[in-house]
Structures are given as structure tokens and as C-alpha cells.
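Worksheet for the structure shown next.
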There are 2 protein chains.
Amino acid sequence: MEEKDSFNHLPHKTIARLSQYRRALLLCLSRGKSHIFSHEIATIQHITPVQVRRDLMLIGYSGTLRKGYNIRELIDLIGNIIDSDEGIKVAIVGMGNLGRALINYFSGKRHKLEIVAGFDTNPDKIGNTMNGVPCYPAERMKEIIEREKIEIGIITVPAQNASQTANELVAAGIKGLLNYTPKPIDVPDYVYLEEYDMITTLEKVAFYVKMRQSEEESNKK
Amino acid sequence: MEEKDSFNHLPHKTIARLSQYRRALLLCLSRGKSHIFSHEIATIQHITPVQVRRDLMLIGYSGTLRKGYNIRELIDLIGNIIDSDEGIKVAIVGMGNLGRALINYFSGKRHKLEIVAGFDTNPDKIGNTMNGVPCYPAERMKEIIEREKIEIGIITVPAQNASQTANELVAAGIKGLLNYTPKPIDVPDYVYLEEYDMITTLEKVAFYVKMRQSEEESNKK
DNA sequence: TTTGCCTTGTTATTTAATTAACAAATAAAA
DNA sequence: TTTTATTTGTTAATTAAATAACAAGGCAAA
Ligand SMILES: NC(=O)c1ccc[n+]([C@@H]2O[C@H](COP(=O)([O-])OP(=O)(O)OC[C@H]3O[C@@H](n4cnc5c(N)ncnc54)[C@H](O)[C@@H]3O)[C@@H](O)[C@H]2O)c1
Ligand SMILES: NC(=O)c1ccc[n+]([C@@H]2O[C@H](COP(=O)([O-])OP(=O)(O)OC[C@H]3O[C@@H](n4cnc5c(N)ncnc54)[C@H](O)[C@@H]3O)[C@@H](O)[C@H]2O)c1
């Protein structure tokens, strides 16, 4: 399909923003708003109106000149772009503090994107259910991922087990991975990988705080 | 100071990578390695050796031609750049699932960066201690942040309370904020803000998984 | 000693992302 | 009816980041 192919070349940052626009739009819709201007979206997201218009241009959406964008239409279009028609199932490996927090947080948030299984090695956790998500033994990963047609895995095991878990998930046929472990993992090209490390983020904040302070000091002199 | 001022202009991405290099280097050091090549660091981080060398060039560090970089020296230099001499204290607001997971995770990881206080409004949580971090009532935020000289705040309250919490933290004199709430918050210019939304990340992974599948399908034809 | 092989450090080029600039459209006000 | 204000959509320019290219140094083997 010609149209869908073009979404292939959307900037990564645009994809992330589309997800955020949609959330903001859903909120506006629930408050009874039907149209919205680029500068309104921009204010909510703390970006510029130009950026919003440019993103919408890239996905081929047009607003009305003095009414702005139709919120429902835009939500639907963003859904067509970032959601999968049939929905995508997600598994989470490592039902510890972070894993449980994530399950708790995600459950019911997106109907096209659902955490349907958890895995752990700790016998105390296996067999439990968290917010409707059953916890299976790690040995059954391949079996269950294949059976349930799970395509995305979230890794929240201890760092030293991250690589092994990644390998198991890939072997089970997973297509996308989200690694919350500080250990960088290695996956084949055909698996899409996102890694996020909270300590790095905190250290970055600390760096800029420090930097601004030393700037201030040198300005005083 | 001339030198420190130059760190001002380091690319944001370089700052994030320095934090990651350091972690990898600490691991190597603990295994008895004394020197490391750019391509070794690159392999660990899944980036290119050129990127590593460029980053190190930007911070003004030189290696030895055929021995690579002195690990201890490099760790110290990165520390000089991203750490604050006296250390920076952090507070976390919202001691729920995510807040507790974070405290558990961070505690003892970095001695120059320490979570020293938690805040909540739930009377059941106030007065407890998590991993040595006391939980105070939200009303005492300003008092305690000033007394303890806390400079960074992490927001993990329910989304609808995020803006209010941000305002309270700013009023208390915080200099950097890390918002894990899906609600974008507004802060004055002098406060450094990082926001991270896990649903956006997951939706991004889902998008690329979907995209690659539709590419595959159209390739078959 | 000489040759070849690695590895660093730096400049040049390319690619990605953001921001600026502005024409076109049109509703509302004069 | 004409003017003014506002907002979209798009192209052009700028800025940020990554990658490529390559000179220079120096160890190791021949
Ligand atoms: N807690 C946080 O806020 C936080 C933040 C960022 C990153 N992380 C990272 O996330 C990971 C998990 O953190 P946590 O605080 O939830 O730790 P945790 O110890 O509470 O949970 C880890 C879970 O993984 C299970 N596990 C261990 N090995 C396994 C394996 N091979 N297969 C399946 N399950 C396995 C354990 O039984 C445990 O239930 C760590 O790597 C940590 O670095 C945590
Ligand atoms: N759980 C996750 O994995 C996860 C992931 C990403 C983002 N988030 C976001 O993080 C936030 C917290 O998630 P959670 O799962 O920990 O929720 P939670 O309900 O378990 O915890 C929220 C805590 O904040 C406290 N609180 C409420 N209002 C407060 C206020 N005004 N001041 C201080 N404390 C207050 C509550 O008493 C509670 O203890 C939410 O906004 C959520 O969207 C959570």
C-alpha cells in the first residue's frame, strides 16, 4: 500500500510525538472539545505550533483553516498509523518491583496494546496473577509466546540476566524489545530494540543542574 | 573556569553516553582490566568506535596509541564532568508502585547522587522508611527540601496531580525535575526538566514492529 | 632496520531534526 | 464591501548529531 509505506519514513521523534498528541487529544475529546488549533496542542506538549503542523503535514492530515483540526479524525488517523489493526500483545519478563509497577500502570490503558503474560524464575511468583496478567515460569516462554502470538517483550529482570532473557525472547519469536535494564543487550537486526536507563537520565539531570549553577556563579563575577 | 565552561556545549546525547561509558568502565575495572580500546567500548554499548572516540575527544581525553584508554583515568574524568563535587540530593514525590521501585533501584548505586527523601499524601505511607529513605507528608516538602539542600525532584504521583506537585517542588527551590508521569508539566526556565513516558515508548516499539511486518509482506509480493 | 598493521584523533561530509519564513485562505470586524 | 487578524501548509534555512575519511603514531613481526 502506497500510503502506509510513506509512514515508514516518518522521523522517530515524530512517532513519539504522535503518541503524545493522541493522549492529549483523547483528554480534550473527553472534555467535549471537537476541534483544536496547532498552538493549543503545542502548549500542552511544550513544543512549538510549527512542530505540530509539520508532524501533521508528514502524516498527511489537513485541518480547517480557522477551526483547526478535527480531534476525532486526528485521533483515528494517529490510531491508523501507530496501532496495529489486530492489536499487539506484550509480555513482561521479570515480575519484580518494576515489572509489577509496569503491569499495574499499563493495564487497560490501550486496547490495541496489551500485556498478556508475565514470566519469572521465582517459584513464589509463578502462578500468581497481577491485574489479570498471569505469571508463568520462564521455561514456558517460547511455548506461551508462540501460542498467544506475543510480539513485544519488556525486560525487567536483574541486569546480569538481561542478555540471557533477551536471547530467550528472540528465540521465542519476539519482534520488538523494550529493555529497562542498565545492561545493553544484543539482538538480531529484525528485532526492534529500545533501551531506557533511568540512572543515565538522572545523571543527565544532575549534570545540567550542576552546569547551570556553575554558569550562574561565573556570571556573578 | 575555562575548561568546565566547554563542557557546557557538549551534545546532550554525549552526556547520556558518558554516563553509560562510565558504568561499562566500572564493570571492566572491577574485572581487573586497566585499559580499553574504543572498539571495545563501542561493542558493549552497541555503537560505533568513531562515536566513542568523538565523545572522548569532546571531553578532551586522550588515550595511548596502541594501548587504548586508561580506564581509571577515564572514569575519574567522566566523574569530574557529570558529578557534582559535593554530591546532589534527590527527592521523590509519590511513594506508590513506581516511586518505591525507583528508590529500591537507585539506593546505593551512585554515591554522588542520592535519594534522601520521599513525599506522599497517603497517611499510611507517611512515616515509613524504604531502603533507608524516609517518607514525609507532602506539606513538609518545602521545609525538608530547603533543610536537606535537595536539588532534584522525581515525580511519580498520579498524572492528575503532576502539575501541582511540580509547582510545589519548584516553589521549594528544586533545580532539576524528572517527570515519569504521562502529563507534560510546565516549569520555569531555570529548572531543568526531563520527561519520560513509558506508554509512548511502548507505542513506538509497536509502531516499528508493525511497520517491519508490513514491509516484509510487501517484499514478498 | 623496515614493513605492515592497528589504533587514535581530527576534519569533512552526510543525515536527522528543528525552526524560520511566508503564501494562501477565510472568518470576523469595520 | 473592504480590511484586518488568524491559522494552516509548505518550502527554505539552520542546528544537532552521526558517520566517513584519513593522517599520524608506534608496536610487532619479518
Ligand atoms: N526498580 C526500578 O525502578 C528500576 C528502574 C530502572 C531499571 N530497573 C532495572 O529493572 C530490573 C528489575 O528491577 P526490579 O527492581 O524490578 O528488580 P527485582 O529484583 O525486584 O525483580 C527482578 C525479577 O526478575 C526475576 N528474575 C530473575 N532472573 C530471571 C530470569 N532469568 N527470567 C525471568 N525472571 C527472572 C526475579 O525473580 C524478580 O522477580 C533491574 O535490572 C533493574 O536494573 C529497575
Ligand atoms: N507504575 C509504573 O510502572 C509507571 C510507569 C510509568 C509512569 N507511571 C506514572 O507514575 C505515576 C505513579 O504511578 P504508580 O503506579 O506508582 O501509582 P500509585 O498510585 O501506585 O502511586 C502514586 C502515589 O502518589 C501518592 N500521591 C498522590 N497524590 C499525591 C500528591 N499530591 N503529593 C504526593 N503524593 C501523592 C499516592 O498516595 C500514591 O502513593 C503515575 O502518574 C503513572 O502514570 C507509572
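All values below were derived from every heavy atom in this structure, side-chain atoms included, with hydrogens, water molecules and symmetry-related copies excluded. In the text below, chain A, chain B and the rest are named by the order of the sequence lines, each starting its count at 1.
- Here the side chains of Thr156(A) and Asn97(A) are not in contact, with every heavy-atom distance at 4.5 Å or above.
- Residue contacts for Ser62(A): at a heavy-atom cut-off of 4.0 Å it reaches the sugar-phosphate backbone alone, with no base atom in range.
- The residues Lys149(B) and Glu86(B) are annotated as not salt-bridged, no charged nitrogen and carboxylate oxygen being separated by less than 4.0 angstrom.
- Rounded to an integer number of Å, the gap from CG of Leu58(A) to P of dA16(C) is 13 Å.
- At whole-Å resolution of the value, CD1 in Ile41(B) and P in dT7(C) are 13 Å apart.
- Asp83(B) has a carboxylate O that lies under 4.0 Å from a charged side-chain N of Arg22(B), or vice versa, which qualifies the two as a salt bridge.
- OP1 or OP2 of dT8(C) has at least one side-chain nitrogen or oxygen of Ser38(B) nearer than 4.0 Å.
- Contacts between chain A and DNA chain D, taken as any atom within less than 4.0 angstrom of a protein heavy atom, begin and end at dA5(D) to dA12(D).
- A donor-acceptor pair shorter than 3.5 Å can be found between the side chains of Tyr61(B) and Glu73(B).
- Computed from coordinates, the Asp55(B) CG to dT8(C) P distance equals 14 Å when rounded to whole Å.
- Between the side chains of Tyr69(B) and Thr64(B), no donor N or O sits under 3.5 Å from an acceptor N or O.
- Within the structure, every pair that satisfies the side chain to side chain donor-acceptor pair (under 3.5 Å) test and touches residues 109-118 of chain A, not counting sequence neighbours, is listed here: Arg110(A)-Glu203(B).
- Along DNA chain C, the nucleotide nearest to Thr14(A) and the one nearest to Phe37(B) differ in position, and the one closer to the 5' end is contacted by Phe37(B).
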Output one letter per nucleotide in nucleotides 19-30 of chain C: B when a protein non-hydrogen atom lies under 4.0 Å from the base, S when only the sugar-phosphate is that close, - when neither is. BB----BBS---
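- Checking Asp55(A) against Tyr21(A) by side-chain atom types alone, a donor-acceptor pair falls below 3.5 Å.
- No donor-acceptor pair under 3.5 Å is formed between the side chain of Glu151(A) and the backbone N or O of Val90(A).
- Taking atom NE2 on His39(B) and atom P on dC6(C), their separation rounds to 10 Å, with Å as the unit.
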